[in-house]
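What follows is one structure encoded as structure tokens, with my remarks underneath.
Letters A, B, ... mirror the listed sequences (proteins, then strands); counts begin at 1. Note that this is a predicted model, so its numbers are computed, not measured.
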Amino acid sequence: MVTPILSQRASACKEAGPCKIEVSQRIQEHPMRTSQFFFTTLKEAPADAEVISQKMMLRAGYIKRAAAGIYTWMPLGLRVLRKVENIVREEMNNAGALELLMPAVQPFELWEESGRGPAYGPELLRFKDRHQRDFVIGPTHEEVITDVVRRDVKSYRQLPIHLYQIQSKFRDEIRPRFGVMRGREFLMKDGYSFHASFDDLKREYSNMYETYGRIFTRLGLKFRAVAADTGSIGGTGSHEFHVLADSGEDDIAYCPTSDYAANIELAEAIAPTTPRGAASQALSKVATPGKAACADVAEFLGVPLEKIVKSIAVMSEKEDGSKVFALLLLRGDHELNEIKAGKIAAITPFRFATEGEVEEFLGCKPGYIGPATADRSKVLVIADRSVAAMSDFVCGANEAGFHLTGVNFGRDVAEPEVADLRNVVAGDPSPDGLGSLDILRGIEVGHIFQLRTKYAEALNCAFLDEQGKSQIMEMGCYGIGVSRIVGAAIEQGNDDKGIILPPAIAPFEVCIVPMGYFKSDAVKAAADQLYADLKRTGVDVVLDDRNERPGVMFADMELIGIPHRIVIGERGLKEAQFEYKGRTDAEATMVAQSEILDLIRGKLCAG
RNA sequence: CGGAGUGUAGCUCAGCCUGGUAGAGCACUGCGUUCGGGACGCAGGGGUCGCAAGUUCGAAUCCUGUCACUCCGACCA
């Protein structure tokens with residue numbers, strides 16, 4: 001049990017007295033000695049492990065793979081998972097949310113009722129029971145919770161209510177990868193709040209925003225809250241919480257000199273402040289044989305990439321059967337943001353045009369297409385804001401092997417529609433006008449949404465207000481990827497020796513490594529005594545009492561990520577000294593035996 | 001879904017082309033030496049070579065099928 005140890009921390013630090021919480025000796029004693037604990041470390045990670053956290057977790061014996069994206073949490077890894085879970089639980093409780101546990105298996109009817117069944121697609125794992133009734137393994141629980149609440153909550157007097165659970169979920173990902181960071185089965189904290197008014201939802205949303213900040217701070221992780229796209233789940237306001245790590249899957253645009261932070265999918269690229277320059281070059285057609293890519297053209301012509309306009313051909317097939325062919329214009333060094341493009345009404349929904357369609361509308365194969373000679377009665381031209389401010393630029397001539405130079409809007413090309421089409425890049429001005437943007441990589445570990453009435457309406461989750469009138473409830477939903485946090489923490493903390501975890505979530509806080517436990521009575525006595533003393537004061541300590549060579553013990557304790565190490569050897573004992581080394585310290589330091597408890601307490605209380 | 005690749009001991013991999021009694025390192029067991037940075041010696045245990053059918057006197061090896069796993073993948077003009 002990990003809970004008592006964590007909750008003991010405060011009292012243990014204040015009064016170094018005996019532990020006041022009774023715990024089973026067997027549970028407490030046995031697993032805290034490596035000889036009694038079940039853990040297996042590997043020198044080499046399995047070949048199919050891709051990312052560092054996955055390799056480390058497998059090598060350290062935190063997890064074992066059972067199938068693609070499905071893992072067993074071994075005792076050592078489970079300690080970490082439980083510590084994360086308990087911090088999340090404590091902070092949720094402190095914030096006024098109530099824990100419940102919903103079933104992993106859900107009747108499919110609820111998904112039909114919300115209309116999300118078909119939309120969720122093959123990621124939703126379905127099966128039939130023996131009576132041929134349809135069930136799903138829950139990838140999320142909006143339907144179930146809304147069903148629970150609509151049955152029992154009838155009055156505004158019962159609102160607001162915030163219920164959460166920490167439960168295994170299953171999403172049948174097309175390509176599960178990165179170990180527990182993108183598994184199919186994973187542990188998630190999901191909370192749902194119900195309100196009588198939008199204002200009250202906003203209040204709780206803000207409460208959760210603060211709570212999430214406290215959770216990730218307590219976990220000891222570097223993180224950032226960012227404004228997010230609401231995506232398929234729907235709703236209005238939304239923030240993601242990202243653990244910062246170079247290996248993250250998401251790009252976050254943030255402003256170091258202000259509060260601005262947004263997922264790159266959402267971050268606005270504001271229009272250049274400098275107006276378009278006057279045309280100074282004559283339009284001319286130049287041969288660029290074999291130079292289809294922007295970078296090649298720029299190099300071939302000896303012009304900067306920023307003077308090239310690339311044209312991306314897209315096709316939009318409307319529900320009424322009509323088709324729109326469009327060219328999206330971007331500066332050569334910019335990237336299309338498909339989320340932004342997808343929001344432009346004229347081309348919603350869009351897909352990239354096929355080679356055949358490009359030829360049909362432009363009379364030219366891809367590689368040399370451009371807006372200048374396009375028939376604007378058939379081709380919609382939408383320019384990114386940065387392109388709209390360009391003059392004397394280069395673009396494809398709609399003739400294989402040729403580009404145009406000195407192209408100018410107004411003179412050579414009709415003015416285009418203008419939109420924000422691109423991903424922001426480092427150095428772009430921040431949309432709040434308070435500095436310039438930088439890009440960071442992040443791993444999404446939390447997400448909060450204002451769902452509003454989307455599910456409540458579909459499932460008719462209503463209450464009677466003060467006037468006795470029936471109203472649909474306002475909903476918020478708040479998720480934290482508990483198992484993903486373990487992976488993310490290791491992505492953030494590791495070195496060539498292994499895992500480096502913040503003490504709050506490390507499998508053990510302190511390890512005692514005796515030199516010659518079975519050879520020297522003095523060492524054994526000192527190690528046992530220190531172990532008992534630390535244990536008594538509530539420290540989560542493990543004693544490495546395996547009859548292993550020192551190198552093996554050091555390597556293992558470092559690999560599994562224990563933040564503090566105390567080495568006890570005859571050499572030091574003669575001077576009444578132990579050796580202390582923090583996991584990330586360069587050198588060990590000698591500490592008087594009599595001061596070791598205070599030292600450890602100090603380190604742990606400091607975080 | 002399309003393309004590519006890989007399945008041999010718990011882990012990393014060799015053997016396959018050129019068919020002939022299944023190998024190495026790590027891990028594991030026993031004994032001995034050693035032991036303050038992943039020790040060494042000796043002796044062991046462990047694999048129906050993913051599965052199925054086929055060719056052959058004989059298949060890990062060749063053929064076919066199948067399953068599993070991994071990687072890549074629209075466009076970026």
Length of the CD-C1' vector between A:Glu558 and B:G36, whole Å:
13 Å
For B:A22 versus B:U48, give the span between their C1' atoms, rounded off to a whole number of Å.
12 Å
Looking just at side-chain N and O atoms, do A:Asp251 and A:Asn423 make a donor-acceptor pair shorter than 3.5 Å?
no
Against the six-membered ring of A:Phe170, is A:Arg184 placed for a cation-pi contact (under 6.0 Å from the centre, within 45° of the normal)?
no
NA contact type, A:Gly396, heavy-atom cut-off 4.0 Å: base, sugar-phosphate, or nothing?
nothing
With a 4.0 Å cut-off, would you call A:Arg33 and A:Asp528 a salt bridge?
yes
What residues from residues 406-426 of chain A pass a heavy-atom cutoff of under 4.0 Å to RNA chain B?
none
Partner lookup for B:G73, please. Criteria are Watson-Crick or G-U wobble with both distances under 3.5 angstrom; report none if nothing qualifies.
B:C1
Ignoring hydrogens and angles, are the base of B:G38 and the side chain of A:Arg59 linked by a donor-acceptor pair under 3.5 Å?
yes
Position toward the 5' end of RNA chain B (nearest nucleotide), A:Pro176 or A:Ile369
A:Pro176
Can you tell me the Watson-Crick or wobble partner of B:G36, both distances under 3.5 angstrom?
none
Using whole Å, what does the distance between atom P of nucleotide B:G37 and atom CE of A:Met557 come to?
16 Å
Suppose we call a contact any N or O donor and acceptor under 3.5 Å apart; does that hold for the side chain of A:Glu44 and the base of B:G10?
no
Protein-nucleotide distance (A:His334, atom NE2; B:A77, atom C1'), rounded to Å
18 Å
May I have the distance from A:Ile70 (atom CD1) to B:A68 (atom C1'), rounded to whole angstrom?
13 Å
Is A:Asp556 touching bases, backbone alone, or none of the nucleic acid, heavy atoms closer than 4.0 Å?
base
For A:Arg59 and A:Asp556, what are the C-alpha separation, side-chain angles and deciding distance, and is it a salt bridge (charged side-chain N to carboxylate O under 4.0 Å, His left out)?
CA-CA 10 Å; A:Arg59 279 190 56 206; A:Asp556 276 346; over 6 Å; no
Listing time: all N or O pairs from protein to nucleotides 39-43 of chain B that are below 3.5 Å?
from	atom 1	to	atom 2	distance (Å)
B:A39	OP2	A:Arg549	NE	3.0
B:A39	N9	A:Arg549	NH1	3.4

Nearest listed nucleotide, side chain of A:Lys43, among B:C26, B:A77, B:G37:
B:C26
Counting Watson-Crick and G-U wobble pairs only, both distances under 3.5 Å, name the nucleotide matched with B:G58, or none.
none
Starting from P on B:C75, measure out to CZ on A:Phe325 and report it in whole angstrom.
14 Å
Hunt down the Watson-Crick or G-U wobble partner of B:C49, both distances under 3.5 Å, from any strand shown, or write none.
none
Measure across A:Ile490 and A:Met56 and return the closest heavy-atom pair with its distance rounded to 0.1 Å.
CG2-CB, 4.0 Å
With a 4.5 Å cut-off on side-chain heavy atoms, are A:Val513 and A:Ile568 touching?
no
How many angstroms lie between atom CG of A:Leu58 and atom CZ of A:Arg65, to the nearest 0.5 angstrom?
9.5 Å
For the side chain of A:Lys310, counting heavy atoms from C-beta on, which of B:C76, B:G37, B:U70 is nearest?
B:C76
With heavy atoms under 4.0 Å as the rule, sort A:Ala45 into base, sugar-phosphate or nothing.
sugar-phosphate
Does A:Arg546 contact B:G38 through a side-chain donor or acceptor facing the base, at a distance under 3.5 Å?
no
To the nearest 0.5 Å, atom CD of A:Glu579 lies from atom CE of A:Met515 at 8.0 Å
Spacing between A:Leu404 atom CG and B:A77 atom P, to the nearest angstrom
17 Å
Rounded to the nearest 0.5 Å, what separation is found between the OG1 atom of A:Thr34 and the CG atom of A:Asp544?
3.5 Å
Are A:Arg126 and A:Asp172 within salt-bridge range, i.e. N to O under 4.0 Å?
no
Would you say the side chain of A:Glu444 lies within less than 4.5 Å of the side chain of A:Arg484, judging by non-hydrogen atoms?
yes
In the structure shown, which nucleotide is the Watson-Crick or G-U wobble counterpart of B:C42, with both distances under 3.5 Å?
B:G30
Whole-Å distance between B:U70 P and A:Lys55 NZ?
15 Å
What contact category does A:Arg331 fall into here, base, sugar-phosphate, or nothing, at under 4.0 angstrom with non-hydrogen atoms?
nothing
Does one side chain, of A:Lys64 or A:Thr40, offer a donor that lies under 3.5 Å from an acceptor on the other?
yes
Closest to the A:Leu42 side chain, choosing from B:C69, B:C11, B:G36
B:C11
Nearest to the side chain of A:Ala47, which nucleotide is it out of B:U12, B:G36, B:G38?
B:U12
Between B:G19 and B:A74, how far apart are the two P atoms, rounded to whole Å?
42 Å
So which one's nearest nucleotide on RNA chain B is more toward 5', A:Glu338 or A:Pro550?
A:Pro550
Pairwise C1' distance, B:C35 and B:G23 [rounded to whole Å]:
31 Å
Base, sugar-phosphate, or nothing for A:Leu336, non-hydrogen atoms under 4.0 angstrom?
nothing
Go through it in stages, so that I can follow the logic: the residues are A:Arg385 and A:Glu268, the test is salt bridge (charged side-chain N to carboxylate O under 4.0 Å, His left out), and I'd like the CA-CA distance, side-chain angles, deciding distance and then a yes or no.
CA-CA 11 Å; A:Arg385 289 165 173 171; A:Glu268 184 182 5; 3.0 Å; yes
For atom CG of A:Asp495 and atom P of B:G37, their distance in whole Å
19 Å
Please produce a list of atom pairs where a protein N or O lies less than 3.5 Å from an N or O of nucleotides 2-9 of chain B.
none

When the ring planes of A:Phe409 and A:Phe393 are compared, do they come out parallel, tilted or perpendicular, using 30° and 60° as the limits?
tilted
Gap in Å between the two P atoms, one belonging to B:G50 and one to B:A68, rounded
16 Å
Per atom distances to the A:Phe554 side chain, the nearest of B:G38, B:A74, B:G37 is B:G37
